[in-house]
Every structure is written in structure tokens, then in C-alpha cells.
Amino acid sequence: MKIFCEYLSTLLIAFSYTFLIRNHVYFGVVLGTGTLIMVLLNISIIKSELPKYNFKPFLILVISFFIASLNSIMIGRSLAVFIYLVLIIIFSFFIYISISKNQVIKERLLHYFVISIYVNLFIVTVFNFINWDLKFIDTSEIKRFKGYLNILTILVLILPFIKKTKINIIACIFLIPNLWLSNCNSAILGVLISLAALSIFYIYKNIFRFKILFYFLLFILLTFSSQILLNLPENLDKESIQTQKFIVPTFLVDAHRQYIWSFSIKKISEKPLLGYGPDTSNFIEGSQEIIGSKYTGTMPYIPSHPHNFLLEIFLDAGIIGLVVFIIFIFYYNFQIFRKSNSNGKFLLILFFFYFWGSSLVNFSFWLGWWQVSYFFITALISSINLSKNQKT
């Protein structure tokens, strides 16, 4: 019975992203069921491992987001997303322990996970190519799997780190036309940012081993980002929008996001300390108004979230929540990074910068399957490369 449950949990977890192709509910049920079974099978191991870890940054994050939820303009909504974020982090950590302490389960899970990625790419590719002639010319993009490609892209990119095979080259080749047909710019941005990060790390490690390189690049990044944010459209009334002349080039940041970010920054300035509450940006006054700009095409509204995870956390949880979240993410990733082998370091950098790079322009931070993807995949790649018997 135990062996059957182990196989079942492994298959459910490995093929959960195949069910995400259908919708996020199927994904959540399948991954949640598989995770729960695996955790129950390894509960004694998990209990024995817990004292080895430092949970202070996590507890500080919990306290910060809990306070922001109580201060929310919609307390019930904020508490709900706060609770599932906490549960996602906890169960992802349990999955990490379960996998890393059982070599057989880890190898089986990775084997089926790789197969599932090939299956997922095949399904998306077939659909996009079948619908190419029918829809692509008229709509400029095939939207069915546009959002899904954000996660499928990174799954394909991490394949070489999980299993070395020539099939991975074919997978990467087929990924390219899918991104083009779906016009998935956020995934492309994530790829570019992760490749830049990998290049910088390689230069630092092999050519120019001075920390001043990182400070210099950080200065350039902050300067560039500040110039964008400081030059967004200032006025969002209908008259100003109709005569708008963009200082920030629209090929760099599209018109719609410039309006969204400008609106978000104005609202942040009204409640900068604790924000409006987790996942409440779509209920802020003015967040659903028609802006009526000729530059935004079929998207006339100020939408329900900023399409930028930094601005969204700042808007929803305030400067305190944003700083605590950044510290939390960097602390645990640094612990993983310093205990990983060389291959693991490159894998972690690839995934980290892809995920948060694409999150600068895509989904709401509070989207459940997107949050699950980050913490689950982090747990998975950590179990592959982390040294054993070390405190995190």
C-alpha cells in the first residue's frame, strides 16, 4: 500500500502542470493531493528535520503580511490569500524535505516530471500550429496558452539541469515558435533577464572576480528603473490621456503598463506603510475606470493589478511588507545558493531571475498557481543540488 501511495503521489505531482493546461483548479487539486499524500508518507522524517532550519525570516514575513491583512480594505479577502500563501510555502518546504531525503522518490519524481514537460510542450505546440492559419493573422496572437507559456518556458529551460539528453535541444527549438505565436513577451523578458544574470555570474566566476561588478550593475539597474518610474504619465484624466506624449518609449514599456504603473504609484503614496491589503488592488477607488486611450487598443481599463510584483506588493502590503518579502526571498535563496554545487548555482540563478524577471510585467503576485510554481519549483531544484545535513 505504501509503495502504491508513493507512486501515486509522485505521478500526481509530476504531471500536475499537464492538468494546468486544462485550468488552475485541476492543477491545484492534482498537485495538492499528491503533495498531501507525500507529506503524510514522510511525516516522521519531516518532524525530525524541522529543528535543523531557521524559520525566523518566514515568521517575520507571516507577521508582516498578517498585519497588512488586518489593515486591509477587505479583511476577509486579504486573510484568505494570506493563509494560502503561508500554506503554499509550508507544504513546498515539506516537499523539499520529502524529496531530498529519499533518493528513490527523487529520481522517480524527476523522471516523470521530465516526461510531463515533453507532453505539455507537445500539447501546446500542436494546438498553436493547428490554429496558426485560422487565428494568427487576424488577432496577431494565439491567446489560449499565452499565460501557460510563462511557466512552460522555464520548465523547458531547466530540462538540461534535470536530465541531459538531445531531446532537450528539440524542446527548446519548439518553444521558440510557441512564444512567437502567442506573443508571450513576459516569458521572453524572463529569458533575457535570466540569461543576463547567468552571463554576469559566469564573468564574475571566471573572468572578473570583484564584487564591485555587482555594485556597479546594481547602480545601473536602479538608475534605469528610477528613470522609467519617474517619467511615467502624470495625469490620468481623459483629456490628458487623449493628448498623451510618452517620455518612456512604448517599445520599452507599453502604453497600458505605463498607465497602470502610474496609477499604482499614486495610490501607493496614499498608504505607503501598510498598503491597502493583500489582493485588494482591484477594489481601490479608480482601479476599474475606463482610461479611453487610443494607445491601449482592446484594453481600455485600469486593470485589477499593477502587472508588476514589486509595485503590487508595495501597493497591497506597504513598504514594510515589500522589504520583509524581499529579505525573506533573498535570505532563503542565498542559503540554497551557497550550499549548491556549481551546476545547482546556475540552475538557481536561471530560475530565480526568470521567474521574478517575467513577474515584472505579467500576473498578479497573488495568483495561486503562479505562487505555487515558484515555491514548488524552488523546492524541486533545491532537492537536486543542496548538500545534505546542512542547516538552512
Side-chain angles (χ1 to χ4, degrees), residues 5-17 27-28 30-59 61-62 84-114 116-117 151 154-155 158 161-163 325 328-341 343-352 354-356 368-392:
C5 290
E6 287 181 350
Y7 267 101
L8 178 61
S9 64
T10 301
L11 285 170
L12 289 174
I13 293 171
F15 283 91
S16 58
Y17 283 102
F27 168 73
V30 172
L31 180 60
T33 302
T35 299
L36 185 59
I37 294 172
M38 184 169 288
V39 169
L40 292 175
L41 290 173
N42 295 276
I43 193 69
S44 58
I45 297 174
I46 293 171
K47 287 181 178 179
S48 66
E49 289 292 314
L50 288 179
K52 298 180 180 180
Y53 295 87
N54 176 18
F55 295 106
K56 289 181 181 178
F58 171 64
L59 293 176
L61 176 72
V62 170
Y84 77 61
L85 172 61
V86 172
L87 291 175
I88 286 170
I89 295 173
I90 291 174
F91 277 92
S92 295
F93 175 66
F94 289 168
I95 280 289
Y96 158 69
I97 294 178
S98 301
I99 299 172
S100 61
K101 295 302 176 182
N102 192 319
Q103 187 66 25
V104 175
I105 289 180
K106 178 165 65 177
E107 291 179 358
R108 187 186 302 147
L109 175 60
L110 293 176
H111 173 71
Y112 290 128
F113 192 63
V114 168
S116 76
I117 296 173
I151 196 63
I154 190 57
L155 293 178
I158 68 175
F161 294 92
I162 301 176
K163 182 178 182 179
F325 180 78
F328 165 77
I329 291 295
F330 272 96
Y331 172 81
Y332 285 109
N333 275 274
F334 178 72
Q335 300 307 311
I336 298 169
F337 181 83
R338 70 185 184 89
K339 296 173 184 177
S340 297
N341 56 32
N343 185 67
K345 286 181 169 63
F346 279 98
L347 174 56
L348 184 64
I349 290 172
L350 172 66
F351 175 65
F352 180 89
Y354 171 87
F355 186 92
W356 297 115
W369 73 266
W370 190 238
Q371 284 184 355
V372 168
S373 295
Y374 175 73
F375 291 106
F376 166 67
I377 297 176
T378 299
L380 185 65
I381 63 179
S382 300
S383 69
I384 299 172
N385 297 296
L386 262 184
S387 301
K388 294 182 178 181
N389 302 318
Q390 294 185 3
K391 291 186 178 181
T392 301

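Keep in mind it's a predicted model, so treat the numbers as computed, not measured.
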Rounded to the nearest 0.5 Å, the CD1 atom of Ile105 sits from the OH atom of Tyr7 at a distance of 10.5 Å
What closest approach, in Å, do Ser116 and Ala14 show between heavy atoms, and which atom pair accounts for it?
-> OG-O, 2.8 Å
What distance separates Ile43 CD1 from Ser48 OG, expressed to the nearest 0.5 Å?
-> 10.0 Å
Mind checking whether Ile162 and Leu347 have side chains closer than 4.5 Å, heavy atoms only?
-> no
For atom OH of Tyr84, decide whether the heavy atoms of other residues, nucleotides or ligands shown that lie under 6.0 angstrom number more than 12.
-> yes
What pairs with Tyr17 under side-chain hydrogen bond (donor to acceptor under 3.5 Å, both in side chains), at least two apart in sequence or on another chain?
-> Ser373
Pair Phe325 and Trp356, ring centroids less than 6.0 Å apart | yes
Start with the C-alpha gap between Leu61 and Tyr331, add the side-chain angles, then the distance that decides, and say whether side-chain contact (heavy atoms from CB on, under 4.5 Å) holds.
-> CA-CA 12 Å; Leu61 176 72; Tyr331 172 81; over 6 Å; no
Do Tyr96 and Phe375 have ring centres separated by under 6.0 Å?
-> no
Backbone N/O of Ser383 and side chain of Lys106: donor-acceptor pair under 3.5 Å | yes
pair Tyr332-Tyr53: side-chain heavy atoms closer than 4.5 Å = no
For Arg338 and Lys345, the nearest pair of non-hydrogen atoms, with its separation, is O-NZ, 4.1 Å
Which distance, rounded to the nearest 0.5 Å, do you find between the CD1 of Ile381 and the CD1 of Ile99?
-> 11.5 Å
Between Ile88 and Gly368 the two heavy atoms that sit nearest each other are CD1-O, 4.1 Å
Do the ring planes of Phe355 and Phe351 sit parallel (below 30°), tilted (30 to 60°) or perpendicular (above 60°)?
-> tilted
So, for Phe93 and Phe55, is the gap between ring centers shorter than 6.0 Å?
-> yes
Distance (rounded to the nearest 0.5 Å) between Ser92 OG and Leu87 CG = 10.5 Å
Would Leu380 and Ile158 count as a side-chain contact (heavy atoms from CB on, under 4.5 Å) if you check the C-alpha gap in whole Å, the side-chain angles of each, and the deciding distance to 0.1 Å?
-> CA-CA 11 Å; Leu380 185 65; Ile158 68 175; 5.5 Å; no
Are any of the side-chain heavy atoms of Trp370 and Ile151 separated by less than 4.5 Å?
-> yes
Kindly indicate, with the supporting measurements, whether the criterion side-chain contact (heavy atoms from CB on, under 4.5 Å) is fulfilled by Leu348 and Asn333.
-> CA-CA 8 Å; Leu348 184 64; Asn333 275 274; 3.5 Å; yes
Do any N or O atoms from the side chain of Asn102 and from the backbone of Ser98 form a donor-acceptor pair under 3.5 angstrom?
-> no
Rounded distance [0.5 Å steps], CD1 in Ile90 versus CG in Leu85 | 9.5 Å
Sole candidate of Leu36, Thr33, Leu31, Thr35 that passes side chain to side chain contact (heavy atoms under 4.5 Å, CB included) when paired with Leu12 = Thr33
Does some side-chain heavy atom of Met38 sit less than 4.5 Å from a side-chain heavy atom of Ile13?
-> yes
Do side-chain atoms of Ser9 reach the backbone of Ile37 as a donor and acceptor pair under 3.5 angstrom?
-> no
State, with a plain yes or no, whether a side-chain heavy atom of Ile329 is found less than 4.5 Å away from one of Tyr374.
-> yes
On a heavy-atom basis, the closest approach of Ile117 and Leu155 is CD1-O, 3.5 Å
In terms of ring plane angle, is the pair Trp369 and Phe27 parallel, tilted or perpendicular, where the classes change at 30° and 60°?
-> perpendicular
Begin from the C-alpha positions of Leu110 and Lys163 and carry the test side-chain contact (heavy atoms from CB on, under 4.5 Å) through to its verdict.
-> CA-CA 8 Å; Leu110 293 176; Lys163 182 178 182 179; over 6 Å; no
Residue pair Ile349 / Phe337: nearest heavy atoms and the distance that separates them | CD1-CE1, 3.8 Å
